[in-house]
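Just so you know, ligand 1 is whichever comes first in the structure, and atom 1 is the first atom listed for that ligand. We use all heavy atoms of the structure for the numbers below, so side chains are in, but hydrogens, waters and symmetry mates are not.
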Amino acid sequence: MPESSRQPDTPLYLQLYQRYRDAITAGRLRPGERVPSIRNLASELHVARGTVEMAYQMLVSEGYLVTKGAAGTRVSPQLATLPTTGKAPQRRKTSVAQPNQTRLTGNILPFQPGVPALDAFPRKIWSRLSAQTLRMIESTVMAQPDPAGYAPLREAIATYLGISRGIACTPEQVFITIGYQGALELLCRTVLQAGDCGWYENPGYFPGRYFLQQMGMTLTPVPVDNEGLQVATGEQRAPNARFAVVTPSHQSPTGVALSLARRLALLAWANQKDAWIIEDDYDSEFRYHGHPLPALKSLDHEQRVLYTGTFSKVLFPGLRLAYLVVPPSLQLTFHEAVNHWPGPGSILPQAMVAAFMQQGHFARHLRKMRQLYAVRRGYLVDALESIFGSSLHIQPQAGGIQVLAYLNERQSDKTLATAAQAAGLGVKALSEWDAETPQQNGLLMGFTNFASTEEAQAAVKRLSVLLSS
Ligand SMILES: Cc1ncc(COP(=O)(O)O)c(C=O)c1O
């Protein structure tokens, strides 16, 4: 459970019980809806199974949940008289199929960063959901899609964020967008204006930087160190900036987490200046040691944080589905804005992701992927250590889906990455993420699609030949 959203004086099981009870009474979890298994939820929140068990037992004994053996635990259908925030889609009972294990990486290059393990994507479940969605999607939604996004998906996201990221929000605050850039575009058409100045992490996610610049924003690079964004430097360089773009859970690309002291300093600056913080929580789901880090948004008492998340890392980038959570005070402005917009794309993938979440597949998929990535990360790190030894320094990272390895000063990461790409390897140069003179040379390497230690060793050997030539 996110640490910042934990209340030290209340036992964890009680906090979890309260979150579920609140979600049920507020109608965010609806009668009959399945909740994650004890095992999945304990793994998701990094708490002991006993903690979830106790919370669930209380919820069952008070009539909020019912357990039905193999059919899992569900919100009690008896609660159907409680007020709900949306109409429950009708669902048929389905059996749980195993993910398709066929290796379908096609032309994904070895080391390609930012791509999930496509061989482990549950294609069978997905194809079943696709047929189900087409059979069952409501005709009103087919005729008049909500420009803010498919309502059950927004509900599922609000519930997921409440439980897994400590973010209390309603579905009305959630907007589905076409990728992260869709969320940025929506922000540029609402709270930001061309000419506005913003802080941007350096090194930082360059597609986001280019996009904001194209939209007319003036970006001030703010350096990142081992505690994340240097807030004090931001205040010196651009004290009156209107916004700051940050990746607090897992800085892109260095992987460091924004320290609590810096989080509080950033929020204090935003509160004082009435500035916006754009939190990009792109791959926080993947963490292999310790507790999942809380979202910065969970500390946002003054409502200065505009939170974004994406399905690109947890499902696949081709879905082009991301989301934005706005403060309640801006809800109306955003609903009005999206009314004049092309919208978040087809409702079909949105409805499929909603069903994937509501039927418990999402929590299961995340748990499986975390376990798989911990193993695959090990393949790559072991291969790098055994083949490169001390000539590469691997940045310790508790999460994410790529490894950052620093080169020594004499080696140019751009030259090496260009040669590697010409040789069919997907490594990327760290300096590409830099808007100023790069301070360090490094290589970013994806590990998610290395299915064995042999594959990782073979790819690292090919890379080592380039490095030594
Ligand atoms: C830092 C960062 N933010 C956001 C995204 C998500 O982008 P999208 O939702 O457009 O796929 C990515 C994807 O690579 C990323 O690396």
Side-chain angles (χ1 to χ4, degrees), residues 108-109 111-118 121 149 153 157 161 165 174-188 198-215 219 221-222 224 228-229 243-258 277-287 293 295-297 305-325 344-346 349-350 353 369 373 395 397 399-404 426-430 432-435 442-449:
I108 301 288
L109 299 179
F111 299 114
Q112 194 162 318
V115 186
L118 298 180
F121 184 75
L153 177 59
I157 291 170
L161 293 177
R165 307 295 296 129
V174 179
F175 291 81
I176 309 296
T177 62
I178 300 183
Y180 170 62
Q181 292 181 358
L184 291 181
E185 188 171 10
L186 186 48
L187 293 173
C188 291
W199 299 357
Y200 205 88
E201 291 172 335
N202 200 52
Y205 182 56
F206 59 88
R209 187 169 63 224
Y210 294 152
F211 183 81
L212 287 171
Q213 284 170 337
Q214 269 179 357
M215 296 297 286
L219 299 181
V222 178
V224 167
L229 182 93
F243 66 96
V245 184
V246 278
T247 46
S249 301
H250 190 234
Q251 203 271 330
S252 170
T254 63
V256 301
L258 189 63
I277 299 170
I278 301 170
E279 175 172 18
D280 174 8
D281 206 23
Y282 66 109
D283 74 355
S284 58
E285 295 84 358
F286 300 118
R287 201 170 161 86
L293 285 170
L296 175 67
K297 177 77 189 156
V305 177
L306 300 150
Y307 175 90
T308 69
T310 178
F311 288 104
S312 287
K313 312 293 175 186
V314 284
L315 294 175
F316 57 95
L319 260 182
R320 306 312 305 128
L321 280 185
Y323 45 92
L324 171 69
V325 180
S346 166
Q350 296 180 56
V353 176
M369 290 303 101
Y373 291 166
Q395 157 94 21
Q397 295 194 18
I401 57 171
Q402 56 215 22
V403 162
L404 171 60
V427 295
K428 299 273 186 214
L430 173 63
E432 242 189 286
W433 272 254
D434 231 299
L443 296 178
L444 277 146
M445 294 174 266
F447 54 77
T448 49
N449 284 289

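Annotation: Phe316 is in aromatic contact with Phe121 [ring centroid separation under 6.0 Å].
Between Leu219 atom CG and Leu212 atom CG the span is 5.5 Å, to the nearest 0.5 Å.
A distance limit of 4.0 angstrom between heavy atoms and ligand 1 selects the residues Gly179, Tyr180, Tyr205, Ser252, Asp280, Tyr282, Thr310, Ser312, Lys313, Arg320.
Under the rule for a ring-ring contact (aromatic ring centres under 6.0 Å, His included), the partners of Tyr323 that lie at least two apart in sequence or sit in another chain are Phe311.
Arg165 and Ser249 are linked by a side-chain donor-acceptor pair at a separation below 3.5 angstrom, with hydrogens and angles left out of the test.
Under a 3.5 Å cut-off, the side chain of Thr308 and the backbone N or O of Glu279 do form a donor-acceptor pair.
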Residue pair Ile157, Val353: steps toward the side-chain contact (heavy atoms from CB on, under 4.5 Å) verdict:
CA-CA 10 Å; Ile157 291 170; Val353 176; over 6 Å; no

